[in-house]
Number of protein chains: 2
Amino acid sequence: MRGRISRTSGYPIHFWLLECFGAPVMPEDIDARRSEYPIIVPMDDGQSDGVVEDAKCVTLARIDAVGYPLGKPPAKINIRDVAGQAGVSVATVSMVINQNPRISRATRAKVNGVIQQLGYSPSRPAQTLSGKYTQVLAVLLPALRHALADTYFGELLSGVVDRAGKLGHKIIVEQTKPQYLKDHKHIELFERKFVDGVLCLGFNDKHHLLADFLARQYPAIMVDNRYSEYKLDFVHCDYRQGAQQAMNCLIQLGHRKIAMIYAAPESATSRDVLDIYRQRMMALVGGISEKWMVDGMFTAEGGAIATDKLLSEAPDITALLCGNDKMAIGAMHSLIRQGLRVPQDVSVVGFDDIQHLPFISPGLTTVHLPLYELGALAVERLIERTHDKISHIHEVLPTHLVLRESTGMVRQS
Amino acid sequence: MRGRISRTSGYPIHFWLLECFGAPVMPEDIDARRSEYPIIVPMDDGQSDGVVEDAKCVTLARIDAVGYPLGKPPAKINIRDVAGQAGVSVATVSMVINQNPRISRATRAKVNGVIQQLGYSPSRPAQTLSGKYTQVLAVLLPALRHALADTYFGELLSGVVDRAGKLGHKIIVEQTKPQYLKDHKHIELFERKFVDGVLCLGFNDKHHLLADFLARQYPAIMVDNRYSEYKLDFVHCDYRQGAQQAMNCLIQLGHRKIAMIYAAPESATSRDVLDIYRQRMMALVGGISEKWMVDGMFTAEGGAIATDKLLSEAPDITALLCGNDKMAIGAMHSLIRQGLRVPQDVSVVGFDDIQHLPFISPGLTTVHLPLYELGALAVERLIERTHDKISHIHEVLPTHLVLRESTGMVRQS
DNA sequence: CTAATACGGTAAACTGTTTTAGCAATATTG
DNA sequence: CAATATTGCTAAAACAGTTTACCGTATTAG
C-alpha cells in the first residue's frame, strides 16, 4: 500500500506505507530503514482525500529503488563536515578518499564509517579544480545530420561508453559543426578543463581540426582512421587485412571480373581497401580499369546508383566489393532490379557487418569490423595516454570475413 | 635550447633556456613573460646531468604552444591575470564574462580586449564550484547491449546533442547497468555535481530508478514515455494519436480483421497504442480477441515469430498493426515467406518511421514519430526546469502517418 | 539645498577539494 | 644511547572562479 507525503511545502514525496494506526502494511519488499515523519499523508487509493494530520501513527519508508534514507536537501555536507565528525583533519579525509596508503587502517575505517553515515560524496568540480584530471573524455563526431542514428557510430559509441564507465570516466558527446570549430569549442574542451582527452570518430584527412590538438599536445585519438599528414595517435580496424580477406574469398570462388564500390577516398582506411583491391587485381588480371571503381558515398542509394553505372559500363562483372554494408545493400537491390541474381550472377561482399541487418536476402557476406571493441580500446588507450603512461598510439585490430549467401562460385558464361 | 626545471619536489616543468650565466640563448620565438627561479636545472641534451645549483644565473620562459606562447601547460592564465592586465578588479572581469549589465560599455570593451589578447577562457570546474550550474546534462540509457547502435536512440540522441550544443550545454551519456544502480551512480550524477539534470531514454514502469530522482527532487525528464505510478516529468510522442491515424487508415481501406503486434506492455506509451487498438476494434467489430494481440519484443525476429503465431491461430486476418518498424519488417518477411502478398493479402502498418530503412519492399506505411524534435524539446524543457522557470513538464508531440506501399484495400474473400 | 537613488566598481568571503611542508611520536640503526 | 628513519597525521596554501556587502560619485526628487 502506498502513500504520498506532502510536507507543508515542497513537492510530494512518495513513500511506502509500512504501518497505519498500528496495523502493519506489507512489510516485505521494503527497504530496511524506516522513518517517522510528523506529516500529512493523503492516500493514493481512488480519491480518498483523507489526510492523517498527526502522522506519528504511520511508519513510512521512502520509495527508493536503491533506497537510502533521505530528504531533499541533504544539507550538502562537505569534506570538512566529515573531518569534524571523524575527529581528523581535512587532509586525512582526502587521503582516505584517494586511497593514500599513508593512512593507517584504523583511521581509514573510522573515516569511511563517517562518510557512509553522513552519505558524503566528494564534489567532482572541486576535485577537478585542485586535482589534475577531470575524469571526463569527449567523443567528437563530424557534422553529419543524424550522425548518431548511424549504427556505425552507434557501435563505436557503445564500446566507448561501456568501457569508460568501467574505468570511472564520463563521456561527453559533441558534434563539430562549422560554427563549433569557428568558436574553437574543440580547444575550449581542454582549455576550460572540460575533459582530459578526446576521441575523434568519423574524421578523415580533410578535417584539420585534428592538427589543433597535435599542436597543443592535447591527448587526442583518431578512432577507426588515421591522419596521413600528421603523426596523430590512432586506433583502427585492419582494413587492409579485411580487403585481403574479401578478395581471397572472391578469387577462390573463381571471380576475375571484380568491381569495387568505394567511398570517401580522403580517408586513409578507405584508401587501404582500394590499395589492396588494386594490388590484387593487378596480380590477378595484370591491369586495372578505373571504370571498375565507382564512388558510392557510403549510402545505400549511392551504392545502387554506382551499381547502375557499373553495369552499364562493364556488364560482364561477376563480383562486387563494397566499402560498407549500406552500399552493398544498395548494390544488391540494383542488381536484382536489373534482373541479375545474387549470388548466381553476381557475388557481393560488404564491409562493417552491421548488426540487425534485418532480413536482407540473400544474407550479406561481409568483413566484420570489431567496432565495439575498437571503441573500448580507444578509451583504454586514451586514459593511459592522459596519464602519460604511453606516448605513441598506433594500434590496429584484426577483422574477419563473415560468409553468408551473397557470395558464390563465378557464373559459367 | 631546452631545460627542465625540477623543483625540489613535484613534477618537472619544461622551459626554454633564455640565458645561462649571462650568455643569451635563442631570444626569438619566445614568450615575453620571463621568470627567475632559484632552482635546479638539469639539461635535456644527451645525458648531461650537470645541475645548476643556484639558478639565479639562468633566465627561463615557459614553453608554450603554437601561435601564442608555446608549451606543455600553456602558462594557464586566470581571471586574476586578466584583471591585473586590464587594471580592474577580479569581480569586474567576472561580471564582464557573465554579461552583468552593471558594467559600463567602456570597461566591458577594455576587459574583453584583454581577454582576447591573452586568450583567456574561464575554467569550467571553477565556475561550477562557485556557481550554481554545471551546464551539463546526462542522458541515461537502459542496460541494453549496443543500445546506442539502435537508430531509435540514435535519432533521439541526435536531437538532444544538437540542441544542447546550441544552448551551451554539454551532454554526457551513461548506461544504467545493474552495478551502476547498485553503486548509486545515477544519484552521484547530482550529488557529486556532475550534471544539472538528466534525460531518461528508453525507460518504462519497471525502471524504479526514476523514483530516486523524484524523491530527491532532482530535475529528470522521461523522454518518449511516462511513468504511471509517479508524477515524473515527461515528453513523449502522441502514441494515441499515432494509433488512431494507423487505425483510421486501415479501417478506411475496409479492414476489419486487424491484428496487433505490440511490445513492452510495461511501457505506458506502448499501452496507449494497445488501448486505442482495443477501443477501435471494439467499436468496429464489437469485441476483441486476445489471440489477435501478440508480443513481438520490439525486434524483427520477434515480429516474424509473432506473425507466424498469428497466422496459425487466425489465418483470416487482413491487416497488421505493429508497435514499431522493426517488428513490421519481421512481420512482412514472415508473410511473404508464407506465400502471402503485402499489401494484396495483408496490409502492414509500423511505428517509428526509422530513417534509411533501405530498400524494404514494399515500402512500409508507418506512423512517423518526431524523435529528433522530441530529443531537442526534452533538452529545452530540462534546461528551463533546472533554472526553475517551469515546474511540471507533461508535453506530447504530434505524429503523422506516412503512406507507402504496405497498405491497400482489404482483399475480397 | 538636502536627501534619496542610481551607477560603476571593489575588497573580501566563499565554493570544496588536493597537495605540500612540517611536526610529533615511534622504530630502526650505528 | 644518540642519531637517523619511518609512520601517521595536520595546518595551510593553492586551485579559479562567483557573489555579496559596501563605497564614492553623480543625478534626481522633494
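Convention: sequence-line order gives letters A, B, ...; per-chain numbering from 1.
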| task | Could you check B:D162 against A:K177 for salt bridge (charged side-chain N to carboxylate O under 4.0 Å, His left out), going step by step and ending with a plain yes or no? | result | CA-CA 9 Å; B:D162 279 8; A:K177 315 219 161 166; 3.3 Å; yes
| request: Dump the intermediate steps for side-chain contact (heavy atoms from CB on, under 4.5 Å) on A:L137 and A:V139, then the final yes or no. | output: CA-CA 7 Å; A:L137 307 175; A:V139 165; over 6 Å; no
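When each of D:dT10, C:dT17, C:dA11 is scored by its nearest atom to the side-chain atoms of A:A91, the top-ranked nucleotide is D:dT10. Closest to the side chain of B:S123, from the set C:dT20, C:dG16, D:dG17, is D:dG17. Between D:dT18, D:dA16, C:dT18, one nucleotide has an atom nearer to the side chain of B:V90 than all others, and that is D:dT18. Of the listed nucleotides (C:dT10, D:dT10, C:dT17), C:dT10 has the atom at the smallest distance from the side chain of B:T92. In the set C:dT20, C:dT10, D:dC15, D:dC15 carries the atom at the smallest distance from any side-chain atom of A:L129. Of all nucleotides listed (D:dT20, C:dT18, D:dT18), D:dT18 comes nearest to the side chain of B:Q127. Ranking C:dA12, C:dG8, D:dT18 by closeness to the B:N98 side chain, first place goes to D:dT18. When distances are taken from the side chain of A:S104 to each of C:dT17, D:dG8, C:dT10, the shortest belongs to D:dG8. For A:P122, counting side-chain heavy atoms from C-beta on, the closest listed nucleotide (C:dT10, C:dT17, D:dT18) is C:dT17.
For the pair A:E191 CD and D:dC15 C1', the interatomic distance rounds to 17 Å; values are reported in whole Å. Between the CD1 atom of B:I79 and the P atom of D:dT19 there is a distance of 11 Å, given to the nearest Å. Protein atom CE of A:M95 is 15 Å distant from nucleotide atom P of C:dG22, rounded to whole Å. The CD1 atom of A:I77 sits 11 Å away from the P atom of C:dG16 (whole-angstrom rounding). At whole-Å resolution of the value, CD in A:Q99 and C1' in C:dT18 are 15 Å apart. Between A:K132 atom NZ and D:dA16 atom C1' the separation is 18 Å, expressed in whole Å. Between A:K193 atom NZ and D:dC15 atom P there is a gap of 10 Å when expressed in whole angstrom units. Following rounding to the nearest Å, A:N100 (CG) and C:dT17 (C1') show an atom-to-atom distance of 15 Å.
Contact annotation: B:S130 side-chain N/O to D:dG17 OP1/OP2 distance is not under 4.0 Å. The shortest distance between the side-chain N/O atoms of A:N78 and the OP1/OP2 oxygens of C:dT15 is not below 4.0 Å. A:Y133 has no side-chain polar atom (N or O) that falls below the 4.0 Å cut-off from OP1 or OP2 of D:dC15. An OP1 or OP2 oxygen of D:dG17 is reached within less than 4.0 angstrom by no side-chain nitrogen or oxygen of B:S94.
When each of B:Q175, B:E188, B:E174 is tested with B:Y180 by the rule side chain to side chain donor-acceptor pair (under 3.5 Å), just one qualifies, namely B:E174. When each of B:V173, B:L199, B:L189 is checked for a side-chain contact (heavy atoms from CB on, under 4.5 Å) with B:L140, only B:L189 meets the rule.
A:I103 comes within 4.0 angstrom of sugar-phosphate atoms only, judged by non-hydrogen atoms across all strands, and of no base. Using a 4.0 Å heavy-atom cutoff across all strands shown, A:R124 reaches no nucleic acid atom at all. Across all strands shown, A:I97 has no heavy atoms under 4.0 Å from either base or sugar-phosphate atoms.
Across the interface with DNA chain D, nearest-nucleotide mapping of A:R105 and A:R80 shows A:R105 to be the residue nearer the 5′ end. Take the nearest nucleotide of DNA chain C for B:V88 and for A:G131: the residue whose nucleotide is more 5' is B:V88.
Listed for the B:D233 side chain is a donor-acceptor partner under 3.5 Å among the backbone atoms of B:I393.
The distance between the ring centers of B:Y218 and B:F190 falls below 6.0 angstrom.
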